[in-house]
Amino acid sequence: MEIPKAYDPSQAEEHHYARWEASGFFAPEINQDPNAEAFSIVIPPPNVTGTLHMGHALQHTLMDVLTRWKRMLGYRTLFLVGVDHAGISTQLMVTRQLKKDEHKTPRDIGREAFTAKVWEWKNKYGGEITRQIRREGLSVDWTRERFTMEDDLSRAVREVFVRLYEEGWIYRGTRIVNWCPKDKTVLSDLEVKEEKAKEGKLYYLRYPVKDGEKGREGEGEKGSGREDENPQSVIRDPQLTITVATTRPETMLGDTAVAVNPEDERYKTLIGKTIALPLTGREIPIIADEYVESEFGTGAVKITPAHDSNDWEIGERHGLEKLIVMNDDATMNAAAGEAFAGLDRFAAREKVVEEFEKLGLLEKVEDYELTLPHCERCKTIIEPLLSEQWFVKMDEMRDLALKLMREENSPRFFPEVPHKKVYTTWLENLRDWTISRQLWWGHQIPAWYDADGSVYVARTKEEAVELAGTNDLTQDEDVLDTWFSSALWPFSTLGWTWRPVGSRQAAEGSSSPQSANRQPPTDLETFYPTDVLVTGRDIIFLWVSRMVMTGMKFMGERPFDDVIIHGTVLDKNGQRMSKTKNNGIDPLVVFEKYGVDATRMTLAGSATGVDFAWRDERVDSFRNFANKIWNATRFCLMNSEGAAVLSVPVATGSPVKTETTRGNPVATASGSDLADRWIVSRLNKTAKAVNRALETYQFHEAVQLLYHFFWDDFCDWYIELVKDDITSCDTETEGHGDAELGIPQSAIRNPQSDARSRILTILEQALRLLHPFMPFLTEELWLKLPGISNGLHNAAYSSAEKTIMLTTFPTGDASLIDEQAESEMQSVIELITKVRNIRAEMNIKASDSLSIHIAADAKMQNVFAANDAQIKKLARADKIVLADSLDVPKASARAVLTGNAEIAVPLEGLIDFEKERSRLKGQIEKLDIELQRLNGQLSNASFVEKAPAEKVKELRDRKNEIETQISTLKENLNALG
RNA sequence: GCCGACUUAGCUCAGUGGUAGAGCACUCGCUUCACACGCGAUAGGUCACAAGUUCGAAUCUUGUAGUCGGCACCA
């Protein structure tokens, strides 16, 4: 078989995905086991306008690893995919396009034409993200792909809206909301980001008190204590004024009161008086409210109920007028007065300040650090505005989520710290959710108004007509917040309300002949609740919390058990990636350069929940790893004649020594006995550890385990140890082994094919373990292995076309973990490493052979004797002398091994005594440092007394070991003279 | 203002009461018939700082400094 020397990812990534998808491997129906447990994940639906970024790639990789792993374990697996209509961003994108192509605004063409345009756009460009998801290799079920704006999901949205309205959990009301003057829509609190203002100012404005000259008796005496530190302008002015401090002078045009703290002695006498509000000709009262902090500013606050949420609350308490002085584009309106109408809010601010200055009422302007709310999307400064909107009342919703957390610790966050606390705290302080948006792209609010303005909330217009008793209805113009539909995602996608129970449609995937009589369970029954949600921390509030609430409310059950919060991928300088900084790393470019599998390994290899700086070098090492796997397989395939992957009787993966059939080549293994037992033990240990790691979502742990098992154990040691057994020419007499051990030649197979089958079988198991992380490479290689078939599949998939993705995932068999083999192998490895060290330090050429003298106890001698050939090969020695004690010339390099064994390599004529001395000294020094620490600990009476006896014994044993080694090395050193 | 996370080898990061780990980079050697995207052998760290708990702390507690994040307030 001709196989290229280097792995070319693009070649493997080209064709497997299409076959997997076409063969229905991704659909749960591929699972033929009626008793299979379900496993489900829903994808956080990416925006239809979106393109793949590293955050997606990370999140998607983790979900796919879990899905592929569970599928291989035999679960009925659904990884549900879909996209989100992304109200604002999609509308903006299409608006931009419209302007560019036709120089028109949405208003020019009207609502209907505009939404048609968006659908057109969606159909044309919306597929980009789904193509990219395929490129990533995600094993999602495309037959169940969903879109938040499709009919079925829209129906679920209306259903939820109506039910919540009927229960009074959704209401329409007039509140101060976050208004984006550019996008001209209201936003929820979560779509507003606070940012430091570049140059904040605090303006001190004097408001004349009406009849002020007469209204100040007593004020001076009582406030005298404070006057020195904070001289009040009210005292000195001929006309009595009260000074208010504000960062937004333009809003004074909408002031309807000035408030002071009721306990503030300075102002007590002014309470109840009125102010002649400059520039407006209006008179407003001075009121007392606890909200005002006397210490802050001047202790007097201008109140603008229509343009500030705190002021609004004060306004409510005192029955103040709520005067709106701005338009929806943040220009001043007629109510602001003729001089200001039409001015932008910032121009109006300047003008107000100018006018105050002219009137001598501007006391001072101070620099002031403040943060301002910005529109998350367009960065425009948000205007708090009084507006009538739809809200979801959060009291009961919040309690559903809090109760679930308190009573069942659900959902479980991974990592739990800090997310559990952040989530809970947020819930506890939750305010009502503004759900209406002044957009056209989205779910139009299912509320209709009659001529009188009475509202009828209904699932359909027909229903509304029935309620209203008239046909003359207009539907609410607004649409719902995109997150409203996202909140229903885990159950709306599975058929909630739109797919009747027991009528699972036949169109989807399965061709399996189900019994005609039995009603199969619906998707909703099978897959809800989902098992785990994987997402970023930025949408814990926006999305996770709301899914929990709606899930509890409408399904009566949590939407998922676990929530994995992954970290953020930062650029190489540790900065967040952003469009404005243009420091994003395009996953598709990385795929192109290193391959999808290497990228997936890199992403999965970062610790769960921890941010990490992206480094191409990291992918490099996994690209190299992929190449290593490729070449290890290439090597096995080059030496695979007469061999085949063995179908392992134990599902958990135990290719060797299973005592099944007598003819089983694995069971009759000879020759490389220790190496075989060792690699099987390592394989099973690794499999166990990988499963354990995945169960707790320690993806990076699994990646490390697999990397080291494959590279270190399998490639560096196992392949090298058995190389001679599998590469010797077929025609030659087979090497050491069977003849000596008396295995009859008649035993059908020859030892070489057996060895070849063994390594192929180990390799095949390793590929299975790697598959969830590296799907393309492992499939590409697996299909090339001799002897593979769908007979290796998990029983649930036995009739499916052969693929590694349906084989059984090795879980590790404890009975095949062989500690003795591992420790014996450790001795062999130590021996070889020490000899190699001598060779390297003494500059012995690779081509120069040497002999190794070993003094060891009988047990270890046996181990070395049994692996004589491998030791010779890997240490490049031509002779091994085993004895109870060393008898070698002075001109030898020496070393000690664990277990009181010693080795010496005679180097007649090659030895550099000075070098050997320093080499030995170096080793002694290292051991001595450890010995001193051990002595320190063991001479500490309280340690010996209080530490567990086991621990003390461990240290004593280690101390003895080191002492022996040191004394041996010292003897050797002295012997050198 | 409140809450939280992080600070470990040159770099990027694991580890989390009992002898400090990986990958990359560095040093030395190797055209060893799977792989130079390789093989072999080294070197490199008072685990931010200080105090405490403990027989024992990188790991637990408290404090300090630096970095980053979330939330709230902002007249």
Side-chain angles (χ1 to χ4, degrees), chain A residues 3 5-7 194 197 200 202-205 244-248 251 258-259 291-293 296-304 308 310-311 368-372 415 417-419 421-422 425-426 429 537-538 540-541 568 570 572 574 576 594 598 605-607 609-615 617-618 620-639 698 700-701 704 707-708 715-716 719-720 723 727 832-833 836-841 843-847 873-874 876 922 929-930 933-934 937 940-948 951-952 954-955 958 962:
Chain A
I3 302 172
K5 269 173 84 160
Y7 172 51
E194 298 288 338
L202 194 57
Y203 301 86
Y204 289 75
L205 307 180
V244 295
T246 179
T247 55
R248 310 190 54 208
T251 59
V258 166
Y291 161 78
V292 180
E293 285 174 44
F296 192 94
T298 61
V301 186
K302 60 189 274 308
I303 301 297
T304 324
D308 181 282
N310 288 312
D311 291 5
Y368 185 69
E369 195 176 291
L370 81 164
T371 54
L372 290 174
V417 177
H419 303 301
K421 189 177 169 189
V422 172
T425 311
W426 181 79
N429 301 305
R537 57 179 154 260
D538 50 335
I540 293 177
F541 306 150
T568 309
L570 308 169
K572 63 176 187 292
R576 295 183 93 94
Y594 297 98
S606 66
V610 178
D611 294 354
F612 66 101
W614 181 269
R615 297 243 149 198
E617 293 91 318
R618 218 178 134 79
D620 240 320
S621 75
F622 286 110
R623 190 263 320 262
N624 296 352
F625 181 55
N627 195 56
K628 188 76 181 173
I629 297 168
W630 176 267
N631 275 291
T633 308
R634 178 166 171 261
F635 171 76
C636 292
L637 290 172
M638 283 163 60
N639 298 287
Q698 304 289 310
H700 64 291
E701 179 79 21
Q704 289 305 311
Y707 187 93
H708 289 114
C715 293
D716 287 350
I719 288 185
E720 297 304 331
K723 204 169 231 178
T727 55
I832 292 167
T833 303
R836 282 171 172 172
N837 175 264
I838 289 171
R839 191 182 269 285
E841 301 267 323
N843 296 324
I844 312 296
K845 281 197 214 124
S847 50
K873 179 176 158 65
L874 299 185
R876 300 182 155 265
I929 291 169
E930 194 184 340
R933 188 174 36 230
L934 288 171
Q937 263 186 289
N940 181 344
S942 45
F943 169 74
V944 178
E945 192 186 323
K946 292 185 181 173
K951 197 77 225 167
V952 178
E954 200 182 303
L955 294 197
R958 179 70 188 147
I962 292 178

* Structure fact -> Contacts of A:Thr633 meeting side chain to side chain contact (heavy atoms under 4.5 Å, CB included) (sequence neighbours excluded), chain-then-number -> A:Ile629, A:Leu637, A:Leu763, A:Leu781, A:Leu785

* To do: Please answer whether the main-chain N or O of A:Lys5 pairs with a side-chain N or O of A:Asn631 as donor and acceptor at a distance below 3.5 Å.
  => yes

* Dot-bracket notation for RNA chain B, counting Watson-Crick and G-U pairs under 3.5 Å, with | for partners on another strand -> (((((((..((((....[..))))..((((.......))))......(((((..]....))))))))))))....

* Contacts of type side chain to side chain donor-acceptor pair (under 3.5 Å), residue A:Arg576, not counting sequence neighbours -> none

* Rounded distance (Å) that lies between atom P of B:C28 and atom CZ of A:Arg839 -> 20 Å

* Asked: How close do A:Trp630 and A:Tyr7 get, heavy atom to heavy atom, and via which atoms?
  -> CE3-CD1, 3.3 Å

Do any N or O atoms of the protein come closer than 3.5 Å to N or O atoms of nucleotides 18-20 of chain B, and which pairs are they?
{"residue": "B:G18", "atom": "O2'", "partner": "A:Lys951", "partner atom": "NZ", "Å": "3.2"}
{"residue": "B:U19", "atom": "O2'", "partner": "A:Arg933", "partner atom": "NH2", "Å": "3.1"}
{"residue": "B:U19", "atom": "O2", "partner": "A:Glu930", "partner atom": "OE1", "Å": "3.3"}
{"residue": "B:U19", "atom": "O2", "partner": "A:Glu930", "partner atom": "OE2", "Å": "2.4"}
{"residue": "B:U19", "atom": "N3", "partner": "A:Glu930", "partner atom": "OE2", "Å": "3.2"}

* Structure fact -> Whole-Å distance, A:Asn429 CG to B:G4 C1', equals 15 Å

* Between B:A14 and B:C30, how far is it from one C1' atom to the other, in whole Å? -> 31 Å

* To do: Between protein and nucleotides 8-14 of chain B, map the contacts as a letter string: B base, S sugar-phosphate only, - none, heavy atoms under 4.0 Å, written 5' to 3'.
  => ---SSSS

* To do: Counting heavy atoms from C-beta on, name the nucleotide in B:C3, B:C74, B:G23 closest to the side chain of A:His708.
  => B:G23

* Please report, rounded to the nearest Å, how far the P atom of B:G1 is from the CD atom of A:Glu293. => 14 Å

* Structure fact -> Separation of B:C73 atom P from A:Leu202 atom CG, nearest Å, is 18 Å

* Asked: Is it true that the NZ or CZ of A:Lys723 lies under 6.0 Å from the centre of A:Phe635's six-membered ring and within 45 degrees of the ring axis?
  -> yes

* **Separation of the C1' atoms in B:U42 and B:A9, to the nearest angstrom** => 15 Å

* Calculate, to the nearest 0.5 Å, the distance between atoms OG1 and NZ belonging to A:Thr246 and A:Lys302 respectively. => 4.5 Å

* Which whole number of Å gives the distance between the C1' atom of B:G44 and that of B:A22? -> 14 Å

* **Non-neighbouring partners of A:Phe541 that pass ring pair (Phe, Tyr, Trp, His ring centres under 6.0 Å), sequence neighbours left out** => A:Trp426

* Asked: How long is the line joining CZ of A:Arg537 and P of B:G69, in whole Å?
  -> 10 Å

* Using the P atom in both, what is the distance from B:C49 to B:G66, to the nearest Å? -> 16 Å

* Distance between the C1' atoms of B:G23 and B:G15, in whole angstroms? -> 15 Å

* **Pairing residues for A:Tyr368 by the side chain to side chain contact (heavy atoms under 4.5 Å, CB included) criterion, not counting sequence neighbours** => A:Leu202, A:Thr247, A:Phe296, A:Leu370

* Determine, for nucleotides 32-42 of chain B in 5'-to-3' order, which nucleotides have protein heavy atoms under 4.0 Å from the base (write B), from only the sugar-phosphate (write S), or from neither (write -). => B-BBSBSSSSS

* Asked: What are the two closest heavy atoms between A:Ile962 and A:Leu934, and how far apart are they?
  -> CD1-CD1, 3.7 Å

* A:Glu945 CD to B:G56 P, straight-line distance once rounded to whole Å -> 12 Å

* Asked: Side chain of A:Glu194, base of B:C74: donor and acceptor closer than 3.5 Å?
  -> yes

* **Contacts of A:Glu194 that satisfy side chain to side chain donor-acceptor pair (under 3.5 Å) - sequence neighbours left out** => none

* To do: Answer yes when A:Arg933 and A:Glu930 have at least one side-chain N-carboxylate O distance shorter than 4.0 Å, and no when they do not.
  => no

* Can you list the residues that meet the side chain to side chain contact (heavy atoms under 4.5 Å, CB included) rule with A:Gln698, with sequence neighbours excluded? -> A:Ala693, A:Thr696, A:His700, A:Glu701

* Asked: Reckon A:Thr371 touches a base, only the sugar-phosphate, or nothing at all at heavy-atom distances under 4.0 Å?
  -> base

* Structure fact -> Result for 5'-nearest mapping on RNA chain B, choosing between A:Leu370 and A:Ile844, is A:Ile844

* To do: Select from A:Val292 and A:Tyr707 the residue whose nearest nucleotide in RNA chain B is closer to the 5' end of that strand.
  => A:Tyr707

* Tell me, please, which residues at least two apart from A:Trp614 pass ring pair (Phe, Tyr, Trp, His ring centres under 6.0 Å). => none

* **P gap between B:U19 and B:C47, integer Å** => 15 Å

* Asked: Expressed as a whole number of Å, how far does the P atom of B:G10 sit from that of B:G45?
  -> 7 Å

* Asked: Short question: side chain of A:Arg876, backbone of A:Ser847 - any donor-acceptor pair under 3.5 Å?
  -> no

* Excluding sequence neighbours, so at least two apart, what forms side chain to side chain contact (heavy atoms under 4.5 Å, CB included) with A:Arg537? -> A:His419, A:Ile540, A:Ile565, A:Thr568, A:Asp611

* Interatomic distance at C1', B:U31 relative to B:C26, whole Å -> 23 Å

* Structure fact -> Taken to the nearest whole Å, CD1/A:Ile838 to C1'/B:G29 is 16 Å

